[in-house]
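Just so it is clear, the structure is predicted and the values come from calculations on it, not from any experiment.
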Amino acid sequence: MSASKLTEGQRPFKPNKQQLIEAAGKTLPDVIRPDLRVLFFGINPGLHTAAVGHHFARPGNRFWPALYKSGVTDRLLSPFEERELLKLEIGVTNVVTHATSTASELIRQDIVEGGGALKAKVRRYRPRVLAILGVGAYRQAFAQPKAIIGEQAERASSARHRFGLFGVPP
């Protein structure tokens, strides 16, 4: 299903095995615009997410429930409603744009190049906070091997860097 919103009685698109195989290497469009409060970034899309065509779409992914439970959203959003985040001045992107079965399939060069592209996005779109969903990806992409969870001293542009979903400024 390509609709951005599900209507009553519709079920989310569930890819079959062949569609998951064909999703390898696919990319997703960023959910982004200038001057966001927060830009969340993950490592890279998984196959289920790429097959479905929406960020954090794998069943059981904790991103959407965490946004709701932390009070960032006033209701539990579906991945098919990802564009609703823009109304809240929130965006989503990834360090590496292409889908893999697991992040362990990525090579260091993927992450380093993706980090450069992410820094350029941050300079272009100027989010106030860059919220990192994966300390390992941050360490490699931003050449910060000793980074720990919490706000980071390094800045890509003027954006503050944080790990996780909580403590996001209003």
> Which atom pair, heavy atoms only, marks the closest approach of T73 to L77?
Replying inline: CG2-CD1, 3.9 Å
> What is the minimum heavy-atom distance between A99 and A23, and which atoms define it?
Replying inline: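 Minimum heavy-atom contact is CB-O, 3.6 Å.
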Does the side chain of [X] reach to within under 4.5 Å of the side chain of [Y], using non-hydrogen atoms?
| X | Y | value |
| --- | --- | --- |
| I21 | L47 | no |
| V38 | P127 | no |
| L20 | K17 | no |
| V31 | T93 | no |
| E89 | R128 | yes |
| T97 | L28 | no |
| I32 | L39 | yes |

Check whether [X] reaches the backbone of [Y] with its side chain - one donor and one acceptor, N or O, closer than 3.5 Å.
| X | Y | value |
| --- | --- | --- |
| E82 | H55 | yes |
| H98 | P45 | no |
| N61 | R58 | no |
| W64 | F56 | yes |
| Q19 | N16 | yes |
| R37 | L88 | yes |

> Which word best sums up how the rings of F63 and F40 line up, parallel for under 30°, tilted for 30 to 60°, or perpendicular for over 60°?
Replying inline: perpendicular
> Are R75 and E81 within salt-bridge range, i.e. N to O under 4.0 Å?
Replying inline: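 Answer for the salt bridge query: yes.
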> Are L118 and V112 joined in one hydrophobic group, where the rule is that I, L, V, M, F, W and Y side chains link up if heavy atoms are under 4.5 Å apart?
Replying inline: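 Looking at the clustering, V112 is in a separate group from L118.
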> Got a sec, which pairs hit side chain to side chain donor-acceptor pair (under 3.5 Å) with one end in residues 38-49, sequence neighbours left out?
Replying inline: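 Checked against side chain to side chain donor-acceptor pair (under 3.5 Å) - neighbours excluded - the pairs reaching residues 38-49 are N44-T100.
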> Just how far is it from atom CD1 of I43 to atom OG1 of T102, taken to the nearest 0.5 Å?
Replying inline: 10.0 Å
> Going from NZ on K119 to CG on L130, what distance comes out if it is rounded to the nearest 0.5 angstrom?
Replying inline: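 Atom-to-atom, K119:NZ and L130:CG are 11.0 Å apart.
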>> Using the side-chain contact (heavy atoms from CB on, under 4.5 Å) definition, which of the options L133, V95, V122 pairs with F41?
In response: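 Answer after filtering L133, V95, V122: V95.
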> Can you pull the salt bridge (charged side-chain N to carboxylate O under 4.0 Å, His left out) pairs that have at least one residue in residues 18-35, sequence neighbours excluded?
Replying inline: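 Pairs touching residues 18-35 that pass the test: D30-K121, D35-R126.
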